[in-house]
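Below is one structure, written out as structure tokens; the observations come after it.
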Amino acid sequence: MDASAEIRKKLAILIGHLVTRCIREARMIPTVLHREEVISIIVDDPERFARLVREEHTDQTELSREDLTVKLDAVSELAKLDRLEIFDRPFWDGPEVELAPILELTHQLTRTFAVYLGNAATLFDREFEAFMGKFRRSLAEAGMTLRAVDFTPEDMAVFEETAIGHIAAGEGLQAFTYEKLLSSQIMMRQVVNMPAGYSLRERLLRRALGDATLTPALIRFVIRISYISQGAWEDMVPALLAIARESGDEGAMRLIVEAAERDVVFSCNLLCRSYEEIRTLDAAERRGEITAALERYAHTGGGSGGFH
């Protein structure tokens with residue numbers, strides 16, 4: 001039988017809860033702190049060291065007497081994308097800035113992101129398979145057979161409000177992980193069909209760009225996650241540019257150019273130039289080249305993907 005509006009709504013709510021739970025569980029990833037990091041924790045925060053050792057013993061994850069295996073909160077680590085001021089230094093004017101700490105942090109966050117996203121996808125695929133099995137059995141007990149569920153745009157509002165709530169809370173990572181999981185192929189194989197032409201990502205970008213309080217943080221997140229994700233989420237920048245250009249929002253376009261210019265990693269990737277080369281440009285030349293490169297980026301769908 002076709003799913004009624006009531007069944008669709010119930011299913012959407014349950015799937016939304018499942019996605020949220022998988023995102024929450026995926027954020028805790030095991031990692032090894034080596035001798036130097038362990039010594040630093042002992043000196044700076046003995047209580048934290050004692051707690052980490054207790055947790056390691058409880059989880060039975062000890063590898064050696066010098067290293068410490070802990071559970072890292074990937075979301076808190078990746079939030080450094082927003083919190084650390086080193087990304088917004090005056091790179092182009094004045095004395096040269098030492099890039100080694102920025103590149104090291106970028107590589108660290110790239111590794112963390114890959115593990116986090118892999119965890120979230122694996123958890124969701126497994127849990128969704130189990131969930132749909134239970135859902136079908138519950139319908140069978142009520143004398144109903146579920147053949148296909150075609151969500152309407154109204155049904156998608158359940159997901160949209162949850163995701164936009166994450167953006168409003170400054171949780172871009174969770175918002176777009178939520179969107180990614182809902183696009184999982186496992187959903188399609190389980191005959192849960194999204195509305196034709198509906199894009200949750202596009203809806204989120206449009207809504208955030210339409211809210212002046214959300215726009216700056218959204219733009220910064222999209223630019224930075226494009227290279228932290230090593231291309232996996234690189235298509236978010238062209239999508240953002242297309243929506244801003246289509247809406248004729250000159251303020252948003254100006255903010256995107258400014259955010260790109262302030263991010264040294266993105267700027268070098270975008271222009272396919274080294275830090276030293278970009279510093280030889282004057283302010284007007286630099287801004288003009290970044291603006292033109294973003295226009296090309298919007299049409300080609302991505303950048304070079306590596307730091308120069």
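Just so you know, these numbers use all the heavy atoms, side chains as well, and skip hydrogens, waters and symmetry mates.
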Here the gap from Leu218 atom CG to Ile256 atom CD1, rounded to the nearest 0.5 Å, amounts to 8.5 Å

Q. Would you call Arg279 and Arg286 a side-chain contact if the rule is heavy atoms closer than 4.5 Å?
A. no

4.5 Å side-chain heavy-atom contact, Ser76 and Arg27: yes

So CD of Glu289 and SG of Cys272: to nearest 0.5 Å the spacing works out to 11.0 Å

Tightest non-hydrogen contact, residues Leu181 and Ala120, listed as CD2-O, 3.8 Å

With sequence neighbours left out, the residues meeting side-chain hydrogen bond (donor to acceptor under 3.5 Å, both in side chains) with Glu160 are Tyr198, Arg203, Arg207

Heavy atoms, side chains only, cut-off 4.5 Å: are Phe151 and Val158 in contact? no

(Q) Is there a side-chain contact between Gln174 and Tyr178 in this structure, where contact means two heavy atoms from C-beta onward sitting under 4.5 Å apart? (A) no

Shortest non-hydrogen pair, Ser274 vs Cys268, comes out as C-SG, 4.0 Å

By side chain to side chain contact (heavy atoms under 4.5 Å, CB included), Ser183 pairs with (sequence neighbours left out) Glu179

Side chain to side chain, Phe176 and Leu200, heavy atoms closer than 4.5 Å | no

Nearest heavy-atom approach of Val149 to Arg8 is CG1-CG, 4.1 Å

**Request:** Report yes if some heavy atom in the side chain of Phe159 is under 4.5 Å from a heavy atom in the side chain of Leu204; otherwise report no.
**Result:** no

* Quick one: are Phe91 and Ile278 in side-chain contact, heavy atoms under 4.5 Å? -> no

In short, Leu109 meets Ile228 closest at the heavy-atom pair O-CG2, 3.7 Å

Practice problem: Look at the aromatic rings of Tyr227 and Phe266 and report parallel, tilted or perpendicular, splitting at 30° and 60°. | Solution: tilted

Nearest heavy-atom contact between Thr177 and Leu173 is OG1-O, 2.6 Å

**OP:** For side chain to side chain contact (heavy atoms under 4.5 Å, CB included), just list the numbers for Asp125 and Glu129, CA-CA rounded to whole Å, side-chain angles, deciding distance to a tenth of an Å, and then say yes or no.
**Re:** CA-CA 6 Å; Asp125 285 355; Glu129 288 269 16; 5.6 Å; no

Here the gap from Lys134 atom NZ to Arg137 atom CZ, rounded to the nearest 0.5 Å, amounts to 7.5 Å

### Task
List the steps and the verdict of side chain to side chain contact (heavy atoms under 4.5 Å, CB included) for Ile167 and Ile164.
CA-CA 5 Å; Ile167 292 177; Ile164 201 69; 4.1 Å; yes

### Message
Within the supplied structure, the quantity of interest is the number of heavy atoms (other residues, nucleotides, ligands) at a distance under 6.0 Å from Glu161 CD; does it exceed 12?
### Response
yes

Just do the side chain to side chain contact (heavy atoms under 4.5 Å, CB included) check on Phe113 and Gln230 with the steps written out, would you?
CA-CA 9 Å; Phe113 176 83; Gln230 284 292 288; over 6 Å; no

- [ ] Output yes when a side-chain donor or acceptor of Thr122 lies under 3.5 Å from a complementary backbone atom of Asn119, and no otherwise.
- [x] no

*asked:* Tell me whether Leu255 shares a hydrophobic cluster with Leu241, the cluster being built from Ile, Leu, Val, Met, Phe, Trp, Tyr side chains joined at under 4.5 Å.
replied: yes

Distance col, row Thr20:OG1 vs Phe124:CZ, nearest 0.5 angstrom, shows 10.5 Å

* Distance only, no hydrogens: is a donor on one side chain within 3.5 Å (strictly under) of an acceptor on the other, for Thr152 and Glu154? -> yes

Q: Verify, without hydrogens or angle tests, whether Trp92 (side chain) and Leu281 (backbone) share a donor-acceptor contact under 3.5 angstrom.
A: no

Nearest heavy-atom approach of Val237 to Ser226 is CG2-CB, 3.7 Å

Taken to the nearest 0.5 Å, the spacing of Leu117 CG from Ile23 CD1 works out to 10.0 Å

hydrophobic_cluster_shared for Phe135 and Leu123, side chain cutoff 4.5 Å: no

In this structure, CG of Leu14 is separated from NZ of Lys9 (nearest 0.5 Å) by 12.0 Å

task = Determine whether Glu25 and Glu127 make a side-chain contact, defined as any pair of heavy atoms from C-beta on separated by less than 4.5 Å.
result = no

Taking CD in Glu6 as the centre, count heavy atoms belonging to other residues, nucleotides or ligands within less than 6.0 Å. Is the count above 12? no

Hydrophobic clusters here meaning ILVMFWY residues chained together by side-chain heavy-atom distances under 4.5 Å, can you tell me if Leu105 and Leu103 are in one? yes

